[in-house]
Amino acid sequence: MAVALTKENFTQSIESGVSLVDFWAPWCGPCKMQLPIVEELASELEGQATIAKINVDEQPELASQFGVMSIPTLILFKDGQPIDKLVGLQSKDALKTKIQNNL
């Protein structure tokens, strides 16, 4: 299952390895379509990559820190540094390929 991140656990959750973070909100239609894809990736890549989500309504500081202007936005991190930013609904295959290319 995707890890729900807050400003308290964000840094330690993404500081090592590859992490995909989904910035979303419960009222966002495309986010509701993205979440099941993110959850599937979390199951499939367990132990290889961290798959996480951030509710932008509950964590506005994190959204603003990474310049999230529209949602869903997915940011790929490697060892705590953002390396790729994807805005809008993304396919599972596209996300999985990006993650695996950075493992």
Note to self: Check this for me: E46, atom CD, are more than 12 non-hydrogen atoms of other residues, nucleotides or ligands nearer than 6.0 Å?
What the structure shows: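 No, because the 6.0 Å sphere around CD of E46 holds 12 heavy atoms or fewer from other groups.
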Looking at side-chain heavy atoms only, is the closest gap between [X] and [Y] below 4.5 Å?
X	Y	value
D79	E15	no
F77	V18	no
Q90	I37	no
L103	Q48	yes
K92	E44	yes
N55	P26	yes
V56	W24	no

[X] side, atom [atom1]; [Y] side, atom [atom2] - distance, nearest 0.5 Å:
X	Y	atom1	atom2	answer
L89	K32	CG	NZ	14.0 Å
I51	S13	CD1	OG	12.5 Å
E40	K96	CD	NZ	9.5 Å
I71	M69	CD1	CE	12.5 Å
I14	K78	CD1	NZ	13.5 Å
K98	D84	NZ	CG	4.0 Å

Next item on the list: Take L95 and Q100, measure what side-chain contact (heavy atoms from CB on, under 4.5 Å) needs, and give me the verdict at the end.
Entry: CA-CA 9 Å; L95 292 172; Q100 290 175 328; over 6 Å; no
Are [X] and [Y] connected in the hydrophobic side-chain network, where two residues link if heavy atoms are under 4.5 Å apart?
X	Y	answer
L5	L35	no
W27	V87	no
L45	L74	yes
V68	M33	no

Checklist line | Backbone of F66 reached by a side-chain donor or acceptor of K85 within 3.5 Å | finding: yes
Next item on the list: Keeping the roles fixed (side chain from Q59, backbone from K7), state whether a donor-acceptor pair exists under 3.5 Å.
Entry: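 Checking the backbone N and O of K7 against the side chain of Q59, a donor-acceptor pair under 3.5 Å is found.
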Next item on the list: Applying side-chain contact (heavy atoms from CB on, under 4.5 Å), run through L86 and T73 and close with a yes or a no.
Entry: CA-CA 6 Å; L86 308 150; T73 292; over 6 Å; no
Note to self: Set out, in order, the CA-CA distance, both residues' side-chain angles and the distance that settles side-chain contact (heavy atoms from CB on, under 4.5 Å) for L62 and V21, then state yes or no.
What the structure shows: CA-CA 11 Å; L62 286 172; V21 180; over 6 Å; no
Next item on the list: Take I54 and F10, measure what side-chain contact (heavy atoms from CB on, under 4.5 Å) needs, and give me the verdict at the end.
Entry: CA-CA 9 Å; I54 294 175; F10 179 78; 3.8 Å; yes
Checklist line | Shortest non-hydrogen contact from A2 toward A42 | finding: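 The answer is N-CB, 3.5 Å.
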